[in-house]
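The next block holds one structure in the form of structure tokens; read it before the comments.
Both backbone and side-chain heavy atoms feed into the values below; hydrogens, waters and symmetry mates do not. Note that the structure is a prediction, hence the values are computed from the model and not measured.
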Amino acid sequence: MTDTSDEIWEPHAPATTARPRPVDVPGSAAGRLELLVAGTASVNVLAEGVLEVTAEDPDGGTGDVRIEWRTPCVDVTSFWSPDPRGTGWLPTAWNAPRRTSLSRGAPVAALVGTGDTTVCAFATDREEVLASAGVVEETGDFRFWIEAAGRLTVRIDTSGRHFGRSLAELADWWAGGRPVHIPDAARLPAYSTWYALHQNITPETVERQAALGKELGLDTIIVDDGWMTTDRTRGYAHCGDWEPHSLPDTAAHVARVHDLGVQYMLWYALPFIGKDSAAWAELSRFALHDAAHMGAVVVDPRYPAVRAHLVDRLARAVEEWGMDGLKVDFIDWFGVQDPPAPGPEADCATVDQGLHLLLAEIRRRTAVAAPESMIEHRQPYVSPGLWPYATMVRAVDCPLSSQENRQRVVDTRLIAGPLAVHSDMLMWHPTEPVEQIACHLINVLFGVPQISVDLAVQSPAQRETLAFWLGVSRTHVDTLQLGGFRPARPDLGYPMIAAIGDGTTIVARYAPLPVATGTEAAGEWRTLLVANADADPGVRLTGGRGTAEATVQDARGRTVGTSTVHLDGGLVDVPRGGLLTLRRV
């Protein structure tokens, strides 16, 4: 084995003292992986096809260490990563490496093969790394390298299992057996004001949407931007004081929403101190980044004065007003590439250290005030380092893009560990047909749907469709969100997804594909649900044995057919936006 790292043209490669040397690969991965390590290396076999590789600075210091490996790029269909729009194509080895941190991304990726198998997946034991993955044009191999300071451990999986199982196991490794409490409410459908109301927030509008949403199965309302200002021109110049200018008598207003049986969460753009805020005079001098185009600065959490102000402002919502949680937005803006050197008033060397302290204290204060309180984070800040500070993570904004919402929910689900994964808010034109509204909901069926349309102007048929599909989400929450998760074909944007629970399997079909009903693919099911989001109504059943009783419902939940069908070769017409329910005879 020879060191071939110098053969690759890397115009974006960082300057480093790490010089990897070949290391023997034990076990079943021998012959499939070429491994090089810069630093003192140790390699352990954890299971069939799963290795743990550690590199340490030989002097015990903070010098660069690097773990690099190659595998033949054979029978490969896609490269998976948790970055928005990061899944699908195979990057090249000469692309710029990506840096992950507490506030941006996660140190994990997977090379996926035909049949959704794991060709090679990896995760690291630390949040901040520099990582590269790509095709080596000269050889047809796929090369990975990870670099960090001092010490680094990487788990590498070449097991050939379904890539979703490999990623779930890597997420379990991150969790390390530490419990993270997720309130039941975090997994139930929610209403968001953002697309429906934007900044036009008043107590009356919020209470109206909360009441209408409760009737449809929306037990939480998330009030977004606009509550802290009477200005309606957008931007973030009014962030920082977080006074409820558009929600006077806030505690009484929150109590009225609670009387409806609805929980209440409030939005905060955590990093921003706006130029029109009273806090600007004191805190703008602690700027981490000048976001002039936003009318604000991003403040530096390395300073105790910054953390104290932000913690008090956010905790107030739960402690004083009786809120049930916070939507904490824009954490990724703390991920400044080259932050300024900390000043004498700072008590942290790095921004991530300060961010840990900030988020931990926000979570501590809110949990003390309300143990079942919720905190929402958002893609792309999906690092496992954030798990103790959040209960849910939402797909990044993609209004009216069903397929994009589906892909972002799935990508986040695959490595979210204990957190509930929410869709981006669903919106549609007032004249949207009910079949397409159902498809919007089916596209996010394996996450928690958030709805953001004016419920007061929905037609009876639109409301009926919403209530039906939200009911499916609520009734089958355990299977959909906690069951075995099997998304198919990441290279095609996941045209079919399955969740396997205890006796219930749920499949969503986004393309005219047959549905496998056998136990190997669908588990030991007694009830099998098939949600059809494709225009082709012909759902072909394959691979099962015997027959089942079939009930077909349309987009509004109305029964349109019943029959007995064969589980291998049976064909059932399921209208677009409809649901097929199979029960074993």
Side-chain angles (χ1 to χ4, degrees), residues 1 3 5 10 13-27 29 33-47 50-70 81-82 97-110 120-133 143-158 166-167 169-178 302 335 337-339 342 348-357 360 382-388 415 417:
M1 187 180 297
D3 182 350
S5 59
E10 292 186 275
T16 180
T17 58
R19 293 291 177 262
R21 296 178 299 278
V23 174
D24 289 336
V25 177
L33 288 182
E34 179 183 354
L35 178 65
L36 301 97
V37 177
T40 302
S42 64
V43 182
N44 295 310
V45 178
L46 303 177
V50 182
L51 300 176
E52 188 169 279
V53 184
T54 298
E56 296 186 68
D57 181 350
D59 299 321
T62 59
D64 288 342
V65 295
R66 177 166 167 153
I67 298 172
E68 179 178 328
W69 66 100
R70 295 188 187 191
S81 87
R98 66 187 182 103
R99 185 174 295 280
T100 64
S101 66
L102 180 67
S103 59
R104 185 178 291 273
V108 61
C120 188
F122 81 87
T124 75
D125 68 335
R126 52 190 296 178
E127 299 147 7
E128 187 166 356
V129 300
L130 191 65
S132 175
R143 186 191 68 160
F144 302 82
W145 61 256
I146 315 292
E147 193 169 289
R151 189 180 189 278
L152 172 67
T153 297
V154 177
R155 283 203 178 184
I156 302 172
D157 185 328
T158 60
S166 295
L167 291 171
E169 190 172 287
L170 291 170
D172 288 343
W173 174 51
W174 281 337
R178 297 183 300 273
R302 290 177 291 185
Q337 185 70 32
D338 296 303
C348 299
T350 70
V351 174
D352 275 5
Q353 289 172 343
L355 187 54
H356 269 294
L357 293 173
V382 293
S383 167
L386 294 173
W387 291 355
I415 49 88

* To do: Could you please spell out the steps behind the side-chain contact (heavy atoms from CB on, under 4.5 Å) verdict for Val65 and Glu56?
  => CA-CA 6 Å; Val65 295; Glu56 296 186 68; 5.5 Å; no
* To do: Apply side-chain contact (heavy atoms from CB on, under 4.5 Å) to Glu52 and Thr153, showing your working.
  => CA-CA 7 Å; Glu52 188 169 279; Thr153 297; 3.4 Å; yes
* Stepwise, does the side-chain contact (heavy atoms from CB on, under 4.5 Å) test hold for Leu170 with Ile415? -> CA-CA 8 Å; Leu170 291 170; Ile415 49 88; over 6 Å; no
* Stepwise side-chain contact (heavy atoms from CB on, under 4.5 Å) test for Gln353 and Arg302 -> CA-CA 7 Å; Gln353 289 172 343; Arg302 290 177 291 185; over 6 Å; no
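From Glu147, atom CD reaches atom CG of Leu152 across 9.5 Å, with rounding to the nearest 0.5 Å. In this structure, CZ on Arg98 lies 5.0 Å from OG on Ser81, to the nearest 0.5 angstrom. Rounded to the nearest 0.5 angstrom, Ser103 OG and Leu355 CG are separated by 6.0 Å. We find the CG-CZ distance between Asp125 and Arg155 to be 10.0 Å, quoted to the nearest 0.5 Å. Between atom SG of residue Cys120 and atom CZ of residue Arg143 there is a gap of 13.5 Å, rounded to the nearest 0.5 Å. Annotation: the span from Arg104 atom CZ to Arg99 atom CZ amounts to 12.5 Å, rounded to 0.5 Å.
Aromatic ring pairs are classed by plane angle as parallel below 30°, tilted from 30° to 60° and perpendicular above 60°; the pair Phe144 and Trp69 is parallel.
Residues Ser383 and Glu127 come closest through the heavy atom pair OG-CG, 3.5 Å. Closest approach of Ile146 and Thr124 over heavy atoms only: CG2-CG2, 3.8 Å. Looking at every heavy atom in both residues, Arg126 comes nearest to Pro107 through O-CG, 3.4 Å. Across all their heavy atoms, Val382 and Pro82 have their closest contact at CG2-CB, 4.3 Å. The minimum heavy-atom distance between Pro26 and Leu51, with the atom names listed, is O-CD2, 4.0 Å. Pairing each heavy atom of Leu33 with each of Val25, the nearest pair is O-CG2, 3.7 Å.
Counting only heavy atoms from C-beta outward, the side chains of Val50 and Glu169 approach each other to under 4.5 Å. Using a 4.5 Å heavy-atom cutoff, the side chains of Ile67 and Phe122 are not in contact.
Judged purely by atom type and a 3.5 angstrom limit, Asp57 uses its side chain to pair as donor or acceptor with the backbone of Gly63. Between the Thr62 side chain and the Gly150 main chain, no donor and acceptor come within less than 3.5 Å of each other.
By the side chain to side chain contact (heavy atoms under 4.5 Å, CB included) test, Pro97 is found to be paired with His12, Pro14, Leu130, Ser132, Trp145, residues two or more places apart in sequence or in another chain being considered.
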